[in-house]
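Read the structure below first, then the notes.
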Protein chains: 2
Amino acid sequence: MTADTAPRMTPAARRVLDTASELFYHRGINAVGVDLIAETSGVTKKTIYDRFGSKDHLVMAYLRERDGRWRALVEHHIGAAGPGEAVPAVFDALKEWTAASGDRGCALINARAEITGPNHPVRTLAAEEKQWLLGRFTGLLRAEGAADPDADAVELLLLHEGAVVMNDVGQVTGAIDRARLAARRLVDRA
Amino acid sequence: MTADTAPRMTPAARRVLDTASELFYHRGINAVGVDLIAETSGVTKKTIYDRFGSKDHLVMAYLRERDGRWRALVEHHIGAAGPGEAVPAVFDALKEWTAASGDRGCALINARAEITGPNHPVRTLAAEEKQWLLGRFTGLLRAEGAADPDADAVELLLLHEGAVVMNDVGQVTGAIDRARLAARRLVDRA
DNA sequence: CTGGAAGTATACCGGTCTGTTTAGCTAGGG
DNA sequence: CCCTAGCTAAACAGACCGGTATACTTCCAG
């Protein structure tokens with residue numbers, strides 16, 4: 001399944017995508033030019049365009065790969081969670097994720113803020129990811145016999161997205177912990 | 001108090017700030033050039049630089065004015081709310097705000113996504129705004145005799161920020177309504 | 001009536017952006 | 001042995017960026 005999201009990538013392409021991911025996430029997509037990516041990854045621009053076609057394709061490759069890693073991490077935490085602990089485990093995944101990523105919030109939301117084209121694939125990907133998490137919450141709640149899994153899943157998603165934002169903006173200590181606590185209380189009630 | 005946030009602005013400056021606000025919010029800050037603002041507002045670039053000094057100053061003027069309008073709207077809704085209805089009223093304000101603004105989420109959060117400079121004033125302003133809302137929630141909860149106003153205020157803020165994001169990304173019907181409902185339940189419990 | 005503030009019009013600056021092109025090097029497999 | 005994929009090197013194109021300069025007009029208040 002790793003080979004599926006990263007299909008036979010040449011060493012140079014791999015290096016380009018890695019450095020581009022780092023640069024895009026921390027400095028913003030529009031603020032990072034192709035020349036900088038080339039120079040940082042020790043590759044000529046030609047190689048970038050040969051492998052990825054355009055900056056836009058490179059951006060989407062970055063977002064898709066990152067999204068894939070995030071989903072895998074969530075699934076891993078859910079799978080390792082004891083009975084009745086699956087929902088809080090999602091927030092554990094988030095805590096681990098943000099600790100590793102640095103505090104710049106959700107890459108998809110940030111990309112959406114930068115790329116405003118109404119038909120750009122980044123919009124589809126962002127909507128898809130949130131829909132996936134919503135569906136995941138719904139399933140977990142249903143499995144635990146919640147009375148109204150759909151409505152409660154939305155509330156969990158709100159807590160989750162709020163935690164991502166506030167963990168970024170800061171000033172609020174332990175936003176993710178607090179969200180996890182609220183999520184657990186919601187599960188217990190449902 | 002309106003004259004305080006908009007101190008003696010010349011007609012051209014007023015027009016520039018209005019069109020810049022619209023363009024910045026809907027198309028993104030980096031994607032909108034000074035030339036476009038000049039052309040759209042029917043003003044020469046010289047006028048823009050005479051009035052605002054730089055694009056950066058214009059951006060900050062846009063964000064500060066917008067933030068001021070948002071806070072005023074929240075205060076208005078809180079003031080008009082009946083007893084025990086102040087917290088849900090904040091979410092009514094948000095609903096009215098997003099209905100008028102269009103679905104592009106929080107301007108400050110979006111600006112933060114675009115402008116990554118660690119010392120840029122946009123970071124201060126964003127942190128300040130969230131801190132203000134957090135303090136507002138805390139005050140309201142304390143006035144209603146909540147047991148742990150600080151912790152519950154954080155949870156309200158998470159619901160609020162989550163609602164802003166999900167209302168933007170869409171796919172989730174009635175994110176703000178759902179947040180309002182959860183907020184009311186939290187107030188009743190506290 | 002006169003001076004200064006506000007604004008228009010237009011041209012220009014150096015720099016950076018995405019994307020392309022031409023040329024040549026290297027290593028591995030049929 | 002040679003062909004091709006993968007890569008380096010370096011220049012180039014055309015557009016757009018934020019910002020500045022010069023010169024002219026309009027209008028109101030002291």
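Any value given below was found using the heavy atoms of this structure, including those in side chains, with hydrogens, waters and symmetry copies removed. Just so we're on the same page: letters track the sequence lines, and every chain starts at 1. The model shown is predicted, which means the values in this text are computed figures rather than measured ones.
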In whole angstroms, how far is the [atom2] atom of [N] from the [atom1] atom of [X]?
{"X": "A/F24", "N": "C/dC17", "atom1": "CZ", "atom2": "C1'", "result": "13 Å"}
{"X": "B/M9", "N": "C/dG7", "atom1": "CE", "atom2": "C1'", "result": "17 Å"}
{"X": "B/E39", "N": "D/dC16", "atom1": "CD", "atom2": "C1'", "result": "14 Å"}
{"X": "A/N30", "N": "D/dC16", "atom1": "CG", "atom2": "C1'", "result": "13 Å"}
{"X": "B/Y49", "N": "D/dT20", "atom1": "OH", "atom2": "C1'", "result": "9 Å"}
{"X": "A/D50", "N": "C/dT22", "atom1": "CG", "atom2": "P", "result": "14 Å"}
{"X": "B/D56", "N": "D/dC17", "atom1": "CG", "atom2": "P", "result": "16 Å"}
{"X": "A/I48", "N": "D/dT8", "atom1": "CD1", "atom2": "P", "result": "10 Å"}

Is B/R27 paired with B/E22 through a side-chain N to carboxylate O contact shorter than 4.0 Å? no
Note: B/R184-B/D188 ion pair, threshold 4.0 Å (strictly below): no
Report yes if at least one side-chain N or O of [X] is closer than 4.0 Å to OP1 or OP2 of [N]; otherwise report no.
{"X": "B/T44", "N": "C/dT10", "result": "no"}
{"X": "B/R51", "N": "C/dG7", "result": "yes"}
{"X": "B/T10", "N": "C/dA5", "result": "no"}

Among C/dT8, D/dG18, C/dT18, which is the nearest nucleotide to the side chain of B/K46? C/dT8
Consider the side chain of A/A12, meaning its heavy atoms from C-beta on, and name the nucleotide among C/dG7, C/dG19, D/dC7 that approaches it most closely. D/dC7
If you go through the side-chain atoms of B/K45, does one of them form a donor-acceptor pair with the base of D/dG19 closer than 3.5 Å?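 Such a pair is found, so the answer is yes.
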At 4.0 Å (heavy atoms only), tell me whether [X] reaches a base, stays on the sugar-phosphate, or touches nothing.
{"X": "B/G53", "answer": "nothing"}
{"X": "A/D35", "answer": "base"}
{"X": "A/T47", "answer": "base"}
{"X": "B/V32", "answer": "sugar-phosphate"}

Is the A/W70 ring parallel, tilted or perpendicular to the A/H160 ring (thresholds 30°, 60°)?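 The rings of A/W70 and A/H160 sit tilted, inter-plane angle from 30° to 60°.
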Students often mix this up, so state it plainly: with edges at 30° and 60°, are the rings of B/Y62 and B/F24 parallel, tilted or perpendicular? tilted
How about B/T47 and B/T44: does a side-chain donor come under 3.5 Å of a side-chain acceptor?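 Note: B/T47 and B/T44 side chains meet the donor-acceptor criterion.
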Assuming nearest nucleotide by heavy-atom distance, tell me which of B/G42 and A/L36 is located more 5' along DNA chain C. B/G42
Which residue, B/R15 or A/A31, contacts DNA chain C at a nucleotide closer to its 5' end, judged by nearest heavy atom? B/R15
